Structures are given as structure tokens and as C-alpha cells.
Amino acid sequence: MMISKDLVIKTARKIIELFPRRHSDTDPFKVLISTVLSQRTRDENTEVSTKELFSKFKSPWELSKADPHDIYHLIRAAGMYRQKAQRIIKISKILVKEYDGRVPSNLSDLLKLPGVGRKTANIVLFVGFGIPALAVDTHVHRISNRLGWIKTTTPEATEKELTKILPKDLWGPINGSMVEFGRKICKPINPFCQKCPVSEFCEYFKEKR
DNA sequence: AAAACGGGGGC
DNA sequence: GCCCCAGTTTT
């Protein structure tokens with residue numbers, strides 16, 4: 001028995017309202033690079049890294065000419081720093097060469113960039129360009145199923161289902177809010193259901209009782 | 001489908 | 001010490 005679409009939307013809006021995610025910088029280039037650095041990494045770990053990185057390399061032109069060894073120490077805290085260094089330099093080179101130094105604002109061009117997959121591309125589209133885009137990560141996938149919005153086994157299926165259920169104006173905000181909600185309350189293991197503001201609308205909570 | 005990439009924080 | 005993190009690429 002699936003939860004009604006209206007209730008899903010209502011709950012989604014509540015999560016977005018209670019767990020907002022602020023974006024300090026919405027410059028597409030910075031969003032792109034910092035999101036690549038944030039992959040499989042808590043964003044606290046990359047905040048300092050990106051700040052120092054952008055103070056030294058302010059544009060794709062500058063970053064494209066960087067030596068990987070010169071940025072290892074700047075982004076080390078992000079983890080996978082050798083791979084990520086190589087990727088952001090390569091990305092910068094492509095931006096300079098193919099896109100006149102600008103970040104493309106469409107999905108297919110973004111996906112051509114090394115280290116940019118569906119999730120990263122959609123984050124860039126929404127945060128950098130304000131375009132409605134649903135980036136399904138582990139939080140969105142886990143929480144949507146836990147709440148009983150959908151029954152899916154893969155993030156791809158989750159993305160497909162959620163685009164059908166959620167109105168476009170929620171596609172962008174839901175991602176960041178799910179991350180905050182997932183970290184503070186709806187954790188992968190031992191979620192704080194007793195503190196959860198939407199537990200009354202949650203299948204997982206209902207079944208637990 | 002599974003492995004590899006990786007340091008940092010929470011418990 | 002073990003698990004997880006605004007995943008993607010390679011095998």
C-alpha cells in the first residue's frame with residue numbers, strides 16, 4: 001500500500017523547510033569543482049580544501065595549468081586526492097578548450113567531463129544554474145524508501161520514480177535537505193526516530209512499533 | 001557486477 | 001576498529 005502522492009509532497013516540503021541546505025557559492029565552476037571533490041566525502045572535509053584551492057586557482061584557465069603535485073596538499077582532506085586532482089585539472093582543460101572557459105549548463109555536456117556522473121551533473125545544474133534537477137544519492141535513495149514513498153532497489157529507479165512524484169520545484173532542494181536530514185536524524189543505522197519531525201508519516205517508523 | 005580510489009569523523 | 005560520506009571509472 002503506497003503512500004498518497006499528496007502526502008509525499010507534503011512531507012518533502014516539510015523536510016526541505018526543516019533541513020535547508022545553504023550554498024555559499026553558486027558560481028558554476030566552483031560548484032562543479034567542489035562537488036567533484038566532495039564525492040564520497042563529507043563536505044566539511046572539503047570546505048577548507050576548496051577555499052584554499054580557489055584562492056590559488058581562481059578560474060579554469062589557472063587550474064588547467066596546475067601541476068597535480070601542487071594541489072595534492074590542498075585537497076588531501078577530500079580523500080582520493082590524486083585521482084581528484086587529475087580530474088579537476090582535466091575538467092578545467094576541457095572547459096577552456098571546448099567551452100570557452102565556461103561550465104556547460106546541460107546534462108549531456110556535463111556528463112562528458114571526467115569524474116562527472118549523474119549526481120554531480122544534477123547538482124551543478126541546480127546549484128550552479130538554478131535548473132530543476134534531481135540528484136539521487138545514498139541519502140535520497142535510503143530515506144525515500146524508508147518513508148515509504150517508493151519501493152526501489154537502485155538509485156536509478158529512485159530517480160525515475162521521484163521525478164514522477166515530486167513537482168519540479170522540489171527536485172533541487174530535496175537533495176541537499178535529504179543530506180542534512182540524513183545526517184542529523186535519518187541515519188543509515190540507528191536513526192533518531194524519536195526526534196524525527198516526520199515520523200508520523202514514515203513507514204519504517206510505523207513498522208518498527 | 002565488483003573493485004578501486006582514500007582521508008576524516010562518528011560511534 | 002569499523003562504517004559512512006553531495007560517486008565515478010575501470011576491470
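Keep in mind that what you see is a predicted model, and the values were worked out from it rather than measured.
Residue A:R142 has a polar side-chain atom (N or O) positioned under 4.0 Å from OP1 or OP2 of C:dC5. When the side-chain nitrogen and oxygen atoms of A:T120 are compared with OP1 and OP2 of C:dT8, one or more of them lie within a distance under 4.0 Å. For A:R118, no side-chain nitrogen or oxygen approaches OP1 or OP2 of C:dG7 to under 4.0 Å. An OP1 or OP2 oxygen of B:dC5 is reached within less than 4.0 angstrom by no side-chain nitrogen or oxygen of A:R87.
Within 4.0 Å (heavy atoms only), A:V140 reaches no atom of the nucleic acid at all. Residue A:N175 is in base contact, counting any heavy-atom pair closer than 4.0 Å across all strands shown. When heavy atoms are screened at a 4.0 angstrom cut-off, A:R183 is found touching no nucleic acid atom at all. Using a 4.0 Å heavy-atom distance criterion, A:T41 is classed as a base contact. If you check every strand for non-hydrogen atoms under 4.0 Å, A:T138 touches sugar and phosphate atoms only. Among the heavy atoms of the strands, none lies under 4.0 Å from A:L111. Across all strands, A:R42 comes closer than 4.0 Å to base atoms (heavy-atom distances).
A cation-pi arrangement is found for A:K30 relative to A:F54, the charged atom lying closer than 6.0 Å to the ring centre and inside a 45° cone about the ring normal. Both tests pass for A:R146 against the ring of A:Y204: distance under 6.0 Å to the centre and angle within 45° of the axis. Cation-pi contact between A:K195 and A:F192: present, with separation from the ring centre below 6.0 Å and deviation from the ring axis of at most 45°.
Comparing B:dG8, C:dC5, B:dG6 by their closest approach to the side chain of A:R76 singles out B:dG8. Nearest nucleotide to the side chain of A:Q39, out of C:dC4, B:dG6, C:dT8: C:dT8. Closest to the A:Y81 side chain, of the nucleotides C:dT8, B:dG7, C:dC5, is B:dG7. Checking B:dG8, B:dG6, C:dA6 against the side-chain heavy atoms of A:D137 singles out C:dA6 as nearest.
Atom CD in A:E44 sits about 9 Å away from atom P in B:dG9, given to the nearest Å. Residue A:Y72 contributes atom OH, which lies 15 Å from atom C1' of B:dG7 at whole-angstrom precision. Straight-line distance from the CG atom of A:L37 to the C1' atom of B:dC5: 14 Å, rounded to whole Å. Note: CD1 (A:I75) to P (C:dC5) measures 21 Å, nearest angstrom. Note: NZ (A:K90) to P (C:dT9) measures 11 Å, nearest angstrom. Taking atom CG of residue A:D43 and atom P of nucleotide C:dA6, one finds them 6 Å apart after rounding to whole Å. Rounding to whole angstrom units, NZ of residue A:K184 and P of C:dC5 are separated by 15 Å. As rounded to whole Å, 14 Å separates atom C1' of C:dC5 from atom CD of A:E47.
Nucleotides C:dC4 and B:dA3 are separated by 16 Å at their P atoms, to the nearest Å. For the C1' atoms, the distance from C:dA6 to B:dC11 is 23 Å, rounded to whole Å.
In this structure, A:S144 and A:M178 approach most closely via the heavy-atom pair OG-CE, 4.0 Å. Across all their heavy atoms, A:I3 and A:L147 have their closest contact at CD1-O, 3.1 Å.
Comparing A:A77 and A:K187 by the nucleotide of DNA chain B that holds the closest heavy atom to each, the one mapping nearer the 5' end is A:A77. Comparing A:I123 and A:G115 by the nucleotide of DNA chain C whose heavy atom lies nearest to each, the residue mapping closer to the 5' end is A:I123.
A side-chain N or O of A:T152 and one of A:T158 form a donor-acceptor pair less than 3.5 Å apart. For the residue pair A:D6 and A:S4, no side-chain donor N or O sits within less than 3.5 Å of a side-chain acceptor on the partner.
Contact of A:R40 with C:dA6 (side chain to base): no donor-acceptor pair of N or O atoms is detected under 3.5 Å.
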